[in-house]
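Here the structure is laid out as structure tokens; the discussion comes afterwards.
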Amino acid sequence: MDQDERLLHSSSFGAAAVAYAEHRPDYARAAVRWALAPAAGPRVLDLGAGTGKLTATLLALGADTVAVEPDPAMLSELRRSLPEVRALPGSAEAIPLPDGSVDAVLAGNALHWFDMAVAGPEIARVLVPGGILAGLWNVMNDEVDGPGGAGGVDGLDGADGAGEANGAGGSRGPDGAGGAEWAGGAGGPGRAGGAEWVSGLARVGGSAVVGPRDTPAGWRAETADAHLAETGAAACFGSPERAEFPHGQRRTADSLVAALATRAGMLVMPGPERRATLDRIRGYLASRPETARGEFTLPMLTAVLRVRRL
């Protein structure tokens with residue numbers, strides 16, 4: 001995706017801010033805890049905070065949180081739902097905070113939109129020495145045969161997931177992607193609870209619905225260097241660690257379609273194509289016994305990339 005296309009996609013969410021707030025999932029608390037574990041203090045910046053999905057989890061965990069969001073409509077929804085939060089207009093490339101003012105910067109489903117050639121030094125500026133940058137992504141789990149098989153999903157809708165980063169199995173060491181260290185293994189933050197029907201959803205909806213970072217394998221491939229500038233500028237952060245935590249969201253066919261309609265690829269799609277894509281998804285969900293009637297769990301992982309400021 002070139003810079004113009006990235007800007008088009010990243011600026012598309014405001015038109016769907018209300019639906020985004022209603023239908024997008026929160027983040028597994030165990031994942032947020034792991035992201036923050038090395039931070040020296042409680043001051044956290046939620047950068048590219050959107051409507052406050054990650055902000056709410058940070059508040060629930062007791063973090064001293066400030067939110068920064070560039071889109072006025074998204075920021076308005078955040079302020080409406082979380083009036084107690086200090087929420088500021090701004091972007092990753094122009095953060096309205098003083099030098100060394102936060103212990104950690106977290107970005108929920110946002111780090112891939114940042115221009116890290118500019119945002120990297122800017123994030124490093126507002127962090128204390130040795131501060132933490134972590135990107136979190138909610139991905140749909142299609143890995144039926146991963147550790148844990150196709151069983152239940154822990155940590156539904158904000159509840160704590162069963163896996164912690166120091167669980168049995170611990171770190172598997174380098175994962176072959178950019179030297180990232182992997183926390184996980186059997187009993188750790190797991191790849192559990194995948195569903196075969198999720199793979200079919202990707203085939204029916206296409207890349208606008210299930211994009212390159214929206215499944216576990218795609219996320220691992222696409223985000224290994226998400227903290228680095230594409231221009232090859234000097235690194236602001238150390239070697240990454242990555243971990244995955246079971247998560248899930250209760251949905252009906254209609255509410256899942258509504259959530260998928262808030263994805264950037266769908267929001268920039270021409271109207272007729274968008275309606276046809278959503279109709280295909282409705283038909284597919286109606287054809288599957290897992291999703292045809294009533295509520296079901298969309299199996300997910302909250303995946304985390306964590307680095308420390310140099």
Side-chain angles (χ1 to χ4, degrees), residues 1-10 27 31-32 34-39 45-48 50 54 70 91-95 102 104-127 129-143 165 171-185 188-189 191 207 210-245 263-265 301-310:
M1 185 180 294
D2 63 28
Q3 191 66 26
D4 290 342
E5 189 176 7
R6 180 182 299 175
L7 179 61
L8 174 66
H9 282 69
S10 66
Y27 295 84
V32 181
W34 185 83
L36 293 175
L45 165 61
D46 183 1
L47 187 57
L54 178 57
S91 68
E93 296 78 18
I95 301 172
V102 296
V105 174
L106 268 59
N109 278 85
L111 189 64
H112 54 278
W113 299 125
F114 299 169
D115 177 1
M116 288 303 291
V118 181
E122 183 69 349
I123 293 168
R125 179 186 66 78
V126 302
L127 280 169
I132 297 300
L133 167 64
L136 296 90
W137 289 262
N138 281 321
V139 303
M140 290 186 279
N141 191 3
D142 59 356
E143 295 191 335
S171 175
R172 289 206 291 122
D175 69 355
E181 294 292 320
W182 203 281
R191 291 179 285 280
S207 61
V210 182
R213 291 169 300 275
D214 292 334
T215 63
W219 175 81
R220 294 173 204 136
E222 291 287 326
T223 63
D225 297 329
H227 60 296
L228 299 176
E230 295 178 0
T231 59
C236 297
F237 304 97
S239 297
E241 301 170 282
R242 295 195 290 176
E244 300 170 0
F245 297 81
R263 292 176 174 263
L301 301 171
T302 297
V304 190
L305 179 145
R306 182 178 72 188
V307 292
R308 189 182 295 271
R309 180 196 152 184
L310 295 174

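The basis for the numbers below is simple: all heavy atoms, side chains too, and nothing from hydrogens, waters or symmetry mates.
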**OP:** Take R213 and T223, measure what side chain to side chain contact (heavy atoms under 4.5 Å, CB included) needs, and give me the verdict at the end.
**Re:** CA-CA 8 Å; R213 291 169 300 275; T223 63; 4.0 Å; yes
**OP:** Any chance you could lay out the side chain to side chain contact (heavy atoms under 4.5 Å, CB included) test for M140 and V210, step after step, and finish with the verdict?
**Re:** CA-CA 8 Å; M140 290 186 279; V210 182; 3.3 Å; yes
**OP:** Evaluate the side chain to side chain contact (heavy atoms under 4.5 Å, CB included) criterion for residues F237 and L228: first the C-alpha distance (whole Å), next the side-chain angles of each, then the deciding distance (0.1 Å), finally the verdict.
**Re:** CA-CA 8 Å; F237 304 97; L228 299 176; over 6 Å; no
**OP:** Kindly indicate, with the supporting measurements, whether the criterion side chain to side chain contact (heavy atoms under 4.5 Å, CB included) is fulfilled by R263 and D214.
**Re:** CA-CA 11 Å; R263 292 176 174 263; D214 292 334; 2.8 Å; yes
Original post:
Stepwise, does the salt bridge (charged side-chain N to carboxylate O under 4.0 Å, His left out) test hold for E122 with R309?
Top reply: CA-CA 11 Å; E122 183 69 349; R309 180 196 152 184; over 6 Å; no
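Formation of a donor-acceptor pair under 3.5 Å by the E93 side chain with backbone atoms of D115 is found in this model.
The two residues A243 and W219 have their closest heavy-atom pair at O-CH2, 4.2 Å. Nearest heavy-atom pair, V307 versus G238, reported as atom, atom and distance to 0.1 Å: CG1-O, 3.6 Å. Contact record, P121 with A117: CD-O, 3.5 Å, taken as the closest heavy-atom pair. Annotation for V304 and A134: closest pair CG1-CB, 4.3 Å, computed over non-hydrogen atoms.
Taking A233 as the reference, A229, T231 meet the side-chain contact (heavy atoms from CB on, under 4.5 Å) condition, with sequence neighbours excluded. In this structure, the side-chain contact (heavy atoms from CB on, under 4.5 Å) partners of A107, at least two apart in sequence or on a different chain, are A110, L111, F114. By the side-chain contact (heavy atoms from CB on, under 4.5 Å) test, R308 is found to be paired with P38, I132, residues two or more places apart in sequence or in another chain being considered.
Taken from CG in N138 to OH in Y27, the straight-line distance is 5.0 Å, to the nearest 0.5 Å. To the nearest 0.5 Å, atoms CG (D46) and CG (L54) are separated by 4.5 Å. Residue I123 holds its CD1 atom at 11.5 Å from NE2 of H227, rounded to the nearest 0.5 Å. In this structure, CG on L45 lies 5.5 Å from CD1 on I95, to the nearest 0.5 angstrom. To the nearest 0.5 Å, atoms CH2 (W34) and CD (E244) are separated by 10.0 Å. Separation of atoms CG (L133) and CG (L47) is listed at 8.5 Å; rounding is to 0.5 Å.
A 4.5 Å side-chain heavy-atom check between P216 and N141 finds at least one atom pair inside the cut-off. Considering only heavy atoms from C-beta on, L310 stays 4.5 Å or farther from C236 through its side chain. You'll find the side chain of R306 stays beyond 4.5 Å of the side chain of R242, heavy atoms only. By the 4.5 Å heavy-atom criterion applied to side chains, V139 and T215 are not counted as neighbours. Residues W137 and T302 are not in side-chain contact: their nearest non-hydrogen atoms beyond the backbone lie 4.5 Å or more apart.
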